[in-house]
Each structure stands twice: as structure tokens, then as C-alpha cells.
2 protein chains.
Amino acid sequence: MAKLLAKQKRMTDAVRTQAPASEAVDDYLKAIFQLSGHPERQVASNEIALHLSITPASVTNMLQKLAAQEPPLVIYKKHHGVKLAKAGKRRALEIIRHHRLIETFLHQVLDYPWDEVHQEAERLEHFISERFEERIAAKLGHPKFDPHGHAIPALDGSLPSQEPQAFAMLRPGQSANVSSVSDNDPEMLRYLAAQGIRPGVRLTLSEQLPFQGSYRVRVGTSSKLALLSHSLVQSIFVTIK
Amino acid sequence: MAKLLAKQKRMTDAVRTQAPASEAVDDYLKAIFQLSGHPERQVASNEIALHLSITPASVTNMLQKLAAQEPPLVIYKKHHGVKLAKAGKRRALEIIRHHRLIETFLHQVLDYPWDEVHQEAERLEHFISERFEERIAAKLGHPKFDPHGHAIPALDGSLPSQEPQAFAMLRPGQSANVSSVSDNDPEMLRYLAAQGIRPGVRLTLSEQLPFQGSYRVRVGTSSKLALLSHSLVQSIFVTIK
DNA sequence: TTTCAATATTAGCCATACCTAAATATTACT
DNA sequence: AGTAATATTTAGGTATGGCTAATATTGAAA
């Protein structure tokens with residue numbers, strides 16, 4: 001006589017539930033978007049784990065959930081990484097749009113200092129409504145760039161394809177315009193601001209000191225020379241023209 | 001030989017964890033603040049349950065957690081209701097301040113219609129920083145009232161002691177100024193707006209139709225008469241002068 | 001082609017945060 | 001003192017999102 005327990009079903013914990021729509025999900029989608037770059041490539045779970053400071057196992061688990069959504073948020077091939085599915089990309093771009101609009105708004109309308117906008121935007125980006133988004137965009141005149149020089153995705157998700165060069169690519173004597181700086185390190189932003197380095201400013205690499213130690217840089221047309229460490233330079237992107 | 005399992009400890013689920021600081025907590029604190037009125041009185045768990053549309057059991061559970069916090073957020077006497085402890089009151093007033101500042105901001109700076117501000121504020125109130133709060137307050141010139149006429153708590157938590165009369169207290173022929181209207185029902189707010197009824201407007205009760213059916217009301221100095229149902233009238237508070 | 005290190009996935013579990021229904025207890029009246 | 005209304009406890013559920021350890025896969029070097 002077959003026990004009723006036979007089929008037990010002892011559902012494992014993985015892929016146990018279904019469709020989240022949370023901050024965590026937003027963060028995964030953003031991470032995948034940012035890591036997959038242009039042109040788009042598969043992102044490994046390890047990279048995501050590293051980026052979000054969690055274990056790879058947690059990532060695999062979440063990726064399976066995201067792929068199982070209807071509609072799916074990511075395309076996930078076991079052992080071969082993920083990329084964003086249409087809905088996931090839409091959401092990622094929406095969040096990034098929120099983030100950058102909020103940063104711009106905080107800076108321009110609420111007079112936040114440059115280095116404080118990121119933290120606030122990072123929280124609020126998940127919670128504002130479509131209406132809020134639309135209203136601040138209108139208020140700001142539908143800006144194309146945030147205070148750090150990052151392009152703001154349009155409502156339809158389109159982003160001007162940027163070709164940001166790492167500043168470190170420059171050779172001594174070469175000049176370039178700052179297009180953007182990383183937005184997530186307040187201390188660095190304060191330092192750059194103090195040196196007069198911000199999007200739009202022209203930089204000339206004066207000399208690169210030995211052993212990758214640091215870079216001496218002329219800011220704008222002034223005679224001011226800024227000394228930038230290797231790690232600082234990583235945060236600066238330029239267009240050469 | 002005493003089994004090691006002896007003490008079993010089979011911890012029940014109640015009061016199992018400790019210190020949350022979430023939206024749910026905010027909502028409990030707000031509910032208690034609102035229900036406890038002026039002068040302050042104990043609030044029964046049943047009332048809270050009703051207000052938040054959850055079961056009394058859930059309320060008891062949460063109240064125990066809130067009382068066990070360090071510092072305690074509520075003073076809770078079994079079977080005798082709760083009131084807010086100092087820290088809880090501080091938080092409740094902070095949230096209410098957030099809510100009302102955000103409503104005012106949405107209305108005045110972002111041109112939200114009257115009836116849409118509540119929903120957005122209800123979400124954002126939990127997530128804005130001190131700095132955000134301070135900046136919108138400054139931008140608005142430190143307003144004392146939100147768009148529905150509710151007083152905005154000051155930074156120190158002080159609230160002008162309001163003595164809002166229920167409109168329904170008026171007798172036919174009496175006049176009074178609208179001090180505030182409830183903010184949580186968009187449809188009602190649109191109706192009131194269409195009738196020209198908003199904080200600051202003077203109303204005269206023209207006649208009260210039988211069987212508590214409805215109220216005929218003169219709005220301002222116009223000859224306009226508005227017909228208000230019993231339930232609508234519940235949402236209007238006035239000062240008689 | 002085999003082997004092996006790097007990487008990814010599975011299985012099982014843990015914790016937090018909320019909530020519920022049903023059983024039980026307390027209070028405050030009559 | 002009995003009882004109806006209220007409140008609390010008990011036991012357990014659901015959902016999210018994390019972790020470790022064991023295991024499996026992949027791809028490149030030998």
C-alpha cells in the first residue's frame with residue numbers, strides 16, 4: 001500500500017518562489033546592465049557576486065528566479081552567464097534613469113553638493129512613481145546628463161552610445177575633455193571638485209610619474225596642475241577631440 | 001541521564017526577534033499617534049488592527065517588539081493598550097513631517113494635483129534622508145501646513161495644538177472656515193476641489209436634509225450651494241470663528 | 001584526450017519580517 | 001460571580017534573500 005507520503009515533494013529551497021519586484025531585483029538588474037557593457041556580453045555569476053558583495057550561490061539562485069519570471073527578466077544559460085531580457089533591460093534602464101534624474105534634481109533644484117547626490121538617489125530610485133519621474137524630468141527641462149556627466153536614458157530606454165575613454169589611455173602632452181566621473185565615492189568627488197575637475201573641463205596630461213604612481217595634469221587653461229593617483233584616474237572618463 | 005534536548009527551548013514564534021525599523025514599524029507608530037489623539041490616551045490593539053486592516057494578534061506581536069526595543073518605541077501594558085514612548089513619538093512625528101512636507105513639495109514644486117500627493121508621499125515618507133527633508137522644507141519656506149490643511153510638525157516635533165471641529169457639529173445657519181480635509185481619498189478630494197472646498201474657504205451650513213442624508217452648504221461668498229453626503233462631511237474639519 | 005583548477009550550481013538551512021486562525025486568558029460589567 | 005468583549009498566546013505559514021558545503025561543469029594546459 002503506497003504511502004501517501006510517497007511523492008513527498010520535499011521541495012528544495014532553490015527556485016522555491018516566484019516573482020519578486022524588489023530593491024534586490026533592481027540591484028541585480030542594474031549590476032547586470034552595467035557589467036555587460038557595450039557591445040553586450042554575457043555576465044558571469046561570479047562577477048555579479050563580486051559586484052554586489054554576496055556569494056555566487058546567492059546569485060545563481062536569484063538568476064533562476066529572474067529567468068523564471070513572466071515575462072523573463074534575464075536570459076540565463078547555466079554555466080554560461082546571463083544577459084538582460086527585454087523586460088529586464090527596460091527595468092534596468094528605468095532605474096538608471098530614475099537614479100540620474102534624481103541626482104540631477106537634487107543637485108540643481110535642491111542644491112545638494114556634488115558628492116552627496118549618489119547616496120540619496122541610490123535609495124530613492126526604487127520608490128518614485130512614473131509621475132514623479134516625469135515631473136522632475138520636466139522641471140529640469142529633460143536633461144541629457146547628470147551632474148557626473150553620465151547620460152540619462154530617455155523614456156524609451158535609448159541611451160546615446162558613449163565612447164568614454166579611460167583617462168589613463170592618454171599619453172603625456174595629450175588633451176581631452178572630461179566626459180564623466182564615477183559617482184559613488186564622495187571623498188573622491190570632493191577632491192576632484194577641489195581640483196576643478198568636472199564634466200566638460202579640458203585636461204592635459206602633463207606627465208606620468210614612474211611606477212604608475214601618479215599623473216600630473218593641467219586643468220583647463222589655467223596654470224593649475226593637479227596631482228592624481230592611479231586609483232583616482234580610474235574614475236575619470238574623457239573624450240578626445 | 002538527562003537528555004541534552006531537555007531544555008528543548010522550542011522558542012515560539014512570538015516575540016522571536018528584536019529590533020525592526022521598517023515601513024511596517026513606521027506605520028504602526030503613525031497609527032498609534034493618530035489614534036491616541038489629544039490629549040493622549042491609551043490605544044487598544046483592536047483599534048490599531050482595524051486601522052491597519054490586520055488581525056489583533058499581529059498587533060499584539062508587533063507591540064511587544066516595539067516595547068522591547070532599546071530605547072522602547074512604545075509603552076505597552078498587556079490588556080491595557082499602548083501609547084508612544086519618547087522615541088516612538090519622535091519617529092511618528094518625523095514620518096508625519098516627512099509626509100506633509102512631501103505632499104506640499106509635490107503640490108507646489110512639482111505641480112502634482114491635490115488628490116495625487118498622498119499616495120506618493122505615503123511611499124516616500126519612509127525613505128527620504130534628513131538632508132532631503134531639510135532641503136525641501138527650506139525650498140518651501142518652512143511651511144506650516146500641507147495642501148490639505150494639516151499642520152506640519154516642526155523639526156523639534158512640536159505641532160500647533162489644533163482644535164479641528166468636525167463639520168458635522170455645525171447647526172444650520174452657522175459658518176466656519178475649512179481648516180483641513182482628509183487626504184487619503186482621491187475621488188473625494190477631486191469632488192471637493194470641484195466644489196471649491198479647500199482649506200481656508202468659508203462654509204455656511206444651509207440646511208441638513210433629514211435622515212442624516214446630506215448637507216446643503218454655501219461655499220465662500222458665492223451663491224454656490226454644494227450638496228455633501230454624510231460620509232463626505234466626515235472628511236471636513238473646520239474652525240468656527 | 002585526459003586532467004584539473006576555476007567557476008557554477010544544488011541541496012539544505014538560517015534569519016528576518018509579517019501575517020493568520022484557533023485556543024486561551026483577562027477585564028470590566030451587570 | 002458570571003459573562004461578553006477584548007486581548008494574548010500558541011503554533012504555524014509565506015515570502016524574501018542570504019549562507020555553507022558538497023557536487024558538477026567547463027575549458028584550457030599538459
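Letters A, B, ... are given to chains in the order of the sequence lines, protein chains preceding strands, and every chain is numbered from 1.
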Q: Would you classify A:Thr60 as touching base, sugar-phosphate or nothing, given that sugar-phosphate means primed atoms plus P, OP1 and OP2, and contacts are heavy atoms under 4.0 Å?
A: base

Q: Assign B:Ala57 to base, sugar-phosphate, or nothing according to its heavy-atom contacts below 4.0 angstrom with the strands shown.
A: base

Q | Side-chain N or O of B:Lys78 closer than 4.0 Å to phosphate OP1/OP2 of C:dA25 | A | no

Q) Taking B:Thr60 for the side chain and B:Pro56 for the main chain, is one N or O donor matched with an acceptor at less than 3.5 Å? A) yes

(Q) Counting only side-chain nitrogens and oxygens, does B:Tyr28 get under 4.0 Å of the OP1 or OP2 atom of C:dA17? (A) no

Q) Could you give the CD1-to-P distance, from A:Ile48 to C:dT7, as a whole number of Å? A) 15 Å

Q) In whole angstroms, how far is the C1' atom of C:dT9 from the NZ atom of A:Lys65? A) 15 Å

(Q) Which nucleotide wins on minimum distance to the side chain of A:His80, given the candidates C:dT20, D:dG27, D:dT6? (A) D:dG27

Q: Verify the contact: side-chain N or O of A:Asn61 to OP1 or OP2 of C:dT9, cut-off strictly under 4.0 Å; return yes or no.
A: no

Q. Between C:dA17, C:dT9, D:dA7, which nucleotide has the shortest distance from any of its atoms to the side chain of A:Pro56?
A. C:dT9

Q. Nearest-Å distance, CD (B:Gln69) to P (C:dA17)?
A. 9 Å

Q | Residue that, paired with A:Val59, satisfies side chain to side chain contact (heavy atoms under 4.5 Å, CB included) out of A:Leu63, A:Asn61, A:Thr55 | A | A:Leu63

(Q) Measure CE/A:Met62 against P/D:dT16 and give the value in whole Å, please. (A) 9 Å

Q) Is the distance from OP1 or OP2 of C:dA8 to the nearest side-chain N or O of A:Tyr76 less than 4.0 Å? A) no

(Q) Tell me the closest heavy-atom pair linking A:Asp27 and A:Leu52, and the distance in Å. (A) O-CD2, 4.1 Å

Q.
Of the listed nucleotides (D:dC19, D:dG17, C:dT27), which one gets closest to any side-chain atom of A:Ala24?
A. D:dG17

(Q) Taking 4.0 Å as the cut-off, does a side-chain nitrogen or oxygen of A:Ser58 come that near to OP1 or OP2 on D:dC19? (A) yes

Q) If you look at every strand shown and take non-hydrogen atoms under 4.0 Å, does A:Ser45 touch a base, only sugar-phosphate, or nothing? A) sugar-phosphate

Q.
If I take atom CG in residue A:Leu66 and atom C1' in nucleotide D:dG17, what distance separates them, rounded to the nearest angstrom?
A. 12 Å

(Q) Could you walk me through whether A:His99 and A:His118 satisfy the ring-ring contact (aromatic ring centres under 6.0 Å, His included) test, starting with their C-alpha distance in whole Å, then the side-chain angles of each, then the deciding distance to 0.1 Å, before giving a yes or no? (A) CA-CA 8 Å; A:His99 184 97; A:His118 176 74; 4.9 Å; yes

**Q.** Identified side-chain hydrogen bond (donor to acceptor under 3.5 Å, both in side chains) partner of B:Arg131 from the options A:Glu120, A:Glu116, A:Gln119
**A.** A:Glu116

Q. For the pair made of CD in A:Glu23 and P in D:dG17, what is the distance, rounded to whole Å?
A. 9 Å

Q. What closest approach, in Å, do A:Val181 and A:His150 show between heavy atoms, and which atom pair accounts for it?
A. O-NE2, 3.0 Å

Q: Measure from the side-chain heavy atoms of A:His79 and tell me the nearest of D:dT25, C:dA28, D:dC19.
A: D:dT25

Q: Provide, to the nearest angstrom, the distance between the NZ atom belonging to A:Lys77 and the P atom belonging to D:dT26.
A: 13 Å

Q) Which of these nucleotides, D:dG17, C:dT20, D:dA7, is closest to any side-chain atom of B:Ile54? A) C:dT20

Q) Would you say C:dC19 has OP1 or OP2 under 4.0 Å from some side-chain N or O of B:Thr55? A) no

(Q) In this structure, how many angstroms lie between the P atom of C:dA8 and the CD atom of A:Gln64, rounded? (A) 13 Å

